[in-house]
Amino acid sequence: MGTLVTLDLPAGSPVADLPWVITIGSMGDDDWEPIVCGPYERAHALALAQAVVADEDLMAVVEPLLPRPDAEAIRDEIELARAADEAPAEPADDDDFETRRVRPGRAPTEAEVRAGWVRIAARLAG
């Protein structure tokens, strides 16, 4: 049984509309480089990741991409990440993490994924 890790977004989060990627790696003793697939719409990324790791000893991390148009915008994101990392953190407690069992549903078809790519491209260009 594989593991899927992703953000737990509040309803209406604008992050859900970003393009998402899937990073898949081994949870076992296999020594291979993880692969990154995407971009996908969030629902497609989650469904594909679930379908791939359901019966395998794999971990999938589904996370949003942060498209930035230039080097300055990327530097701004780096500064935000550094500032967040410097903030005093509360000690992690096992209760801070929630594990949910997921059953894979129907993975999107190739046509559905391609249609999603068209929608992602339109959002990025707009």
Side-chain angles (χ1 to χ4, degrees):
M1 165 91 52
T3 300
L4 185 141
V5 178
T6 192
L7 298 175
D8 189 15
L9 298 178
S13 172
V15 174
D17 290 333
L18 292 172
W20 289 67
V21 294
I22 308 166
T23 303
I24 299 174
S26 173
M27 286 181 39
D29 293 333
D30 296 344
D31 191 21
W32 49 276
E33 291 295 318
I35 63 165
V36 179
C37 303
Y40 303 105
E41 292 178 314
R42 184 172 189 262
H44 288 168
L46 291 169
L48 287 167
Q50 289 172 354
V52 169
V53 304
D55 298 322
E56 300 281 339
D57 196 20
L58 299 172
M59 174 183 276
V61 177
V62 177
E63 59 191 337
L65 284 174
L66 300 174
R68 297 297 177 250
D70 59 30
E72 192 57 36
I74 294 170
R75 286 185 192 100
D76 292 344
E77 286 297 328
I78 291 168
E79 287 306 313
L80 285 172
R82 285 178 175 157
D85 193 43
E86 293 172 2
E90 295 180 24
D93 186 346
D94 287 344
D95 295 335
D96 290 342
F97 301 99
E98 182 178 339
T99 302
R100 298 180 194 162
R101 292 270 184 221
V102 293
R103 282 185 258 157
R106 182 187 69 78
T109 65
E110 180 180 345
E112 290 169 329
V113 169
R114 289 183 182 280
W117 287 340
V118 169
R119 291 186 294 269
I120 289 169
R123 281 195 302 264
L124 292 176

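For the side-chain hydrogen bond (donor to acceptor under 3.5 Å, both in side chains) test, residues two or more places apart in sequence or in another chain that qualify with Glu77 are Arg68. Not counting sequence neighbours, the partners of Pro39 by the side-chain contact (heavy atoms from CB on, under 4.5 Å) test are Pro19, Leu65, Ile120.
In this structure, OG1 on Thr6 lies 8.0 Å from CD on Glu63, to the nearest 0.5 angstrom. Taken from CG in Leu48 to CD in Glu112, the straight-line distance is 9.5 Å, to the nearest 0.5 Å. Note: Asp17 CG to Arg42 CZ = 10.5 Å, rounded to the nearest 0.5 Å. The structure places CG of Leu46 at 8.0 Å from CD1 of Ile22, a figure rounded to the nearest 0.5 Å.
Hydrophobic clustering of Ile, Leu, Val, Met, Phe, Trp and Tyr side chains at less than 4.5 Å, counting indirect connections, keeps Val36 apart from Trp32. Residues Leu124 and Leu66 fall within the same hydrophobic cluster, defined by Ile, Leu, Val, Met, Phe, Trp and Tyr side chains chained together at heavy-atom separations under 4.5 Å. Val61 and Val15 fall into different hydrophobic clusters, where Ile, Leu, Val, Met, Phe, Trp and Tyr side chains are chained together by heavy-atom contacts under 4.5 Å. Cluster annotation: Val113 and Val52 are assigned to the same hydrophobic cluster (Ile/Leu/Val/Met/Phe/Trp/Tyr, side-chain heavy-atom contacts under 4.5 Å, transitive). No chain of hydrophobic side-chain contacts below 4.5 Å, direct or via other Ile, Leu, Val, Met, Phe, Trp or Tyr residues, connects Met59 to Tyr40.
Closest approach of Ala45 to Trp20, counting heavy atoms only: CB-CB, 4.0 Å. Minimum heavy-atom separation, Met27 to Leu58: SD-O, 3.3 Å. The minimum heavy-atom distance linking Ala73 with Asp70 is given by the pair N-OD1, 2.7 Å. Taking all atoms of both residues into account, the shortest heavy-atom contact from Gly116 to Glu41 is CA-OE1, 3.5 Å.
With a 4.5 Å cut-off on side-chain heavy atoms, Val53 and Thr3 do not count as touching.
Checked for salt-bridge contact, Glu79 and Arg75 miss the test: no charged N lies under 4.0 Å from a carboxylate O.
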